[in-house]
Amino acid sequence: MNTNLTNLISSAAAVLAMTSSAFAQYSKHTQMKEDGCPCTPFEQGMPLTSCEKFPPAYNQSARPDVRCSWDVFATGTFLYWFVGQEGMDVGYNTATNLAGTVLPPDVGLKVAQKGAYKPGFKVALGSSFGFDDWVGKLEYTWFHASTSQSTNAGADSRGTPTIVLGTWYNQRPFGGGANTATNLSSRWRVNLDMLDATLSRAYYQGRNLTITPFSGARALWLRQNFRLSATATSPTAVNPVISHNRSYSWGLGPRAGMLGHWNLGYGFRLEGDASASLLYQRYTKVSHREDALSTDDANGEGSIRYKGYSAVRPIADMGLGLGWGSYLDCQNYYLDISANYDFMVFWAQNMMRHLVDD
């Protein structure tokens, strides 16, 4: 007979024997329930009984449990996040020779809107429902940021330093060839407001590790404004020339994730979390406008916009940190403090650039 097959049959027989032994062991438990029937550790479709012996697979609750009759908690979080976005390059540094020809970039020095660290906050309110230690939470995130910068044409040995502007000005050519400038300033404002409603149950997965899976919904309001002001070198009677760009949207969709704590003792822990959202996002306003280039410009301002643009957008949240928690006043209260390094990634949100490049 094939040796591998023999080993497989023997292993299967051993598993069956162990399983039968386990069931036999449970069946010998003779403690009685209140109705006089014997306790059983598991009954299909029924909740866990009040028997003394619980099945080994029962996930013991790991949520803080205070003695107060009302079980409500509140949290406050100070945020210091970096805000940045792809597609925010506005041009590149080059030179114009004596013949007035704009040369290709020598080393490809792109001019891009820089990101920055800005403050924000989160506040949350939650409660235990008193049913198998499930917890509901409502959390609001506020993060409003603004960054600005000014760039001059850099030195170039091939001719007169020049900034060649990108597609933020393509709707209204300055005339005479490429849109060029000696100076460019820009300001980018991002306003993010987010509301998360989640349902979770924390439990022990071993003696030191606790797991908190959660699911719920996320609502999002995201508004962006990007304004550029360039001192043009090409013929135009109006300086500076202005480019106005806006993107306003709201989103709604499901969210799910997991939080893990590795308990170190004395109240300290390592913690990490990861979650994902998939939102239906409605862009109520995505527009681009360039001011008239002269006081007698017959065409006036140049503008384009999306009308009624909708899409499905994913969002990813991740974090890693250190925390500490402890009961106070003989378990009447619970205090918890943590510090985390977070990532939050929003996909395909630069609809302003999508519009001007389209």
Side-chain angles (χ1 to χ4, degrees), residues 54-68 71-84 115 117-129 132-143 192 194-218 254-278 314-347:
F54 291 147
Y58 175 72
N59 294 317
Q60 174 62 36
S61 172
R63 73 172 183 87
D65 190 10
V66 296
R67 296 171 58 190
C68 298
D71 196 351
V72 177
F73 66 89
T75 67
T77 305
F78 172 75
L79 307 175
Y80 195 60
W81 281 351
F82 179 86
V83 57
Y117 282 93
K118 297 293 180 178
F121 67 86
K122 289 183 184 181
V123 290
L125 186 66
S127 175
S128 171
F129 297 116
D132 204 19
D133 295 302
W134 286 88
V135 174
K137 184 173 74 170
L138 193 64
E139 183 175 62
Y140 169 68
T141 302
W142 183 96
F143 183 74
L192 170 66
M194 213 158 43
L195 190 64
D196 292 310
T198 58
L199 186 64
S200 64
R201 183 184 185 277
Y203 63 88
Y204 280 90
Q205 186 67 32
R207 296 182 181 275
N208 296 89
L209 178 64
T210 64
I211 301 294
T212 310
F214 58 85
S215 62
R218 166 169 284 177
R255 179 179 180 232
M258 183 174 292
L259 170 67
H261 288 173
W262 183 260
N263 300 309
L264 304 174
Y266 301 100
F268 290 96
R269 68 179 183 270
L270 296 175
E271 63 181 37
D273 67 271
S275 67
S277 310
L278 190 63
I315 301 174
D317 301 69
M318 292 163 284
L320 185 66
L322 179 67
W324 173 86
S326 178
Y327 288 102
L328 303 175
D329 189 27
C330 195
Q331 208 171 328
N332 281 318
Y333 305 97
Y334 186 82
L335 175 66
D336 195 274
I337 302 172
S338 64
N340 289 270
Y341 187 80
D342 293 329
F343 285 95
M344 181 173 285
V345 183
F346 298 78
W347 272 269

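Worth saying up front: this structure is predicted, and the values here are computed from it rather than measured. Basis for what follows: all heavy atoms, side chains included, without hydrogens, waters or symmetry-related copies. Counting from 1, the numbers follow the sequence of the chain as shown.
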Fill in: Test item: Y327 side-chain N/O and D65 main-chain N/O as donor-acceptor pair under 3.5 Å
yes
Response to the item:
Nearest heavy-atom contact between D133 and R63 is OD1-NE, 3.0 Å
Worksheet entry | Pairwise side-chain contact, N263 with L209, heavy-atom cut-off 4.5 Å (strictly under) | no
Discussion item. Please report the interatomic distance CE(M258) to CZ(F214), rounded to the nearest 0.5 Å.
Written reply: 9.0 Å
Item to complete: Go through the steps to decide whether L270 and L322 satisfy the test side chain to side chain contact (heavy atoms under 4.5 Å, CB included), and finish with yes or no.
Response: CA-CA 5 Å; L270 296 175; L322 179 67; 3.9 Å; yes
Practice prompt. Start with the C-alpha gap between T141 and L79, add the side-chain angles, then the distance that decides, and say whether side chain to side chain contact (heavy atoms under 4.5 Å, CB included) holds.
Written response: CA-CA 9 Å; T141 302; L79 307 175; 4.0 Å; yes
Discussion item. Has W347 got a side-chain atom pairing as donor or acceptor with A316's backbone, closer than 3.5 angstrom?
Written reply: no
Worksheet item: Does the gap between the ring centers of F121 and F78 come in under 6.0 Å?
Response: no
Discussion item. Could you tell me if the side chain of N340 sits less than 4.5 Å from the side chain of T77, heavy atoms only?
Written reply: no
Discussion item. Just so I know, are the side chains of F73 and D336 near enough to count as touching, which here means a heavy-atom distance under 4.5 Å?
Written reply: no
Practice prompt. Just say parallel, tilted or perpendicular for the rings of F143 and W81, cut-offs at 30° and 60°.
Written response: tilted
Fill in: Exceeds 12 heavy-atom contacts within 6.0 angstrom, atom OH of Y333
no
Discussion item. With rounding to the nearest 0.5 angstrom, report the SG to CZ distance, C330 to R67.
Written reply: 4.5 Å
Discussion item. Strictly below 4.0 Å, N to O, side chains only: are D196 and K122 in salt-bridge contact?
Written reply: no
Worksheet item: So, R255 versus T198: side-chain donor-acceptor pair below 3.5 Å or not?
Response: no
Worksheet item: What heavy-atom pair brings R218 and S277 nearest, and what distance separates the two atoms?
Response: NH1-OG, 3.3 Å
Discussion item. Return the CH2 to OG distance between W134 and S128, rounded to the nearest 0.5 Å.
Written reply: 11.5 Å
Discussion item. So, taking the atom named NZ in K137 and the one named OG in S127, what distance separates them when rounded to the nearest 0.5 Å?
Written reply: 13.0 Å
Worksheet item: What pair of heavy atoms forms the shortest contact from L125 to A74, and how long is it?
Response: CD1-CB, 4.2 Å
Practice prompt. Could you tell me whether the side chain of D342 reaches within less than 4.5 Å of the side chain of D317, counting heavy atoms only?
Written response: no
Worksheet, complete the sentence: CG (L264) and CG (N208) are apart, to the nearest 0.5 Å, by 8.5 Å
Worksheet item: Just wondering, do N59 and R201 contact through their side chains at under 4.5 Å, heavy atoms?
Response: yes
Item to complete: Working to the nearest 0.5 Å, report the span between OH of Y341 and CG of L320.
Response: 11.0 Å
Practice prompt. Check whether any side-chain heavy atom of D273 sits under 4.5 Å from a side-chain heavy atom of E271, and report yes or no.
Written response: no
Practice prompt. Locate the shortest heavy-atom distance separating Y203 from P213; write the atom from each residue and the value.
Written response: CE2-CD, 3.7 Å
Worksheet item: Given side chains that start at C-beta, do those of S326 and L335 come closer than 4.5 Å, heavy atoms only?
Response: no
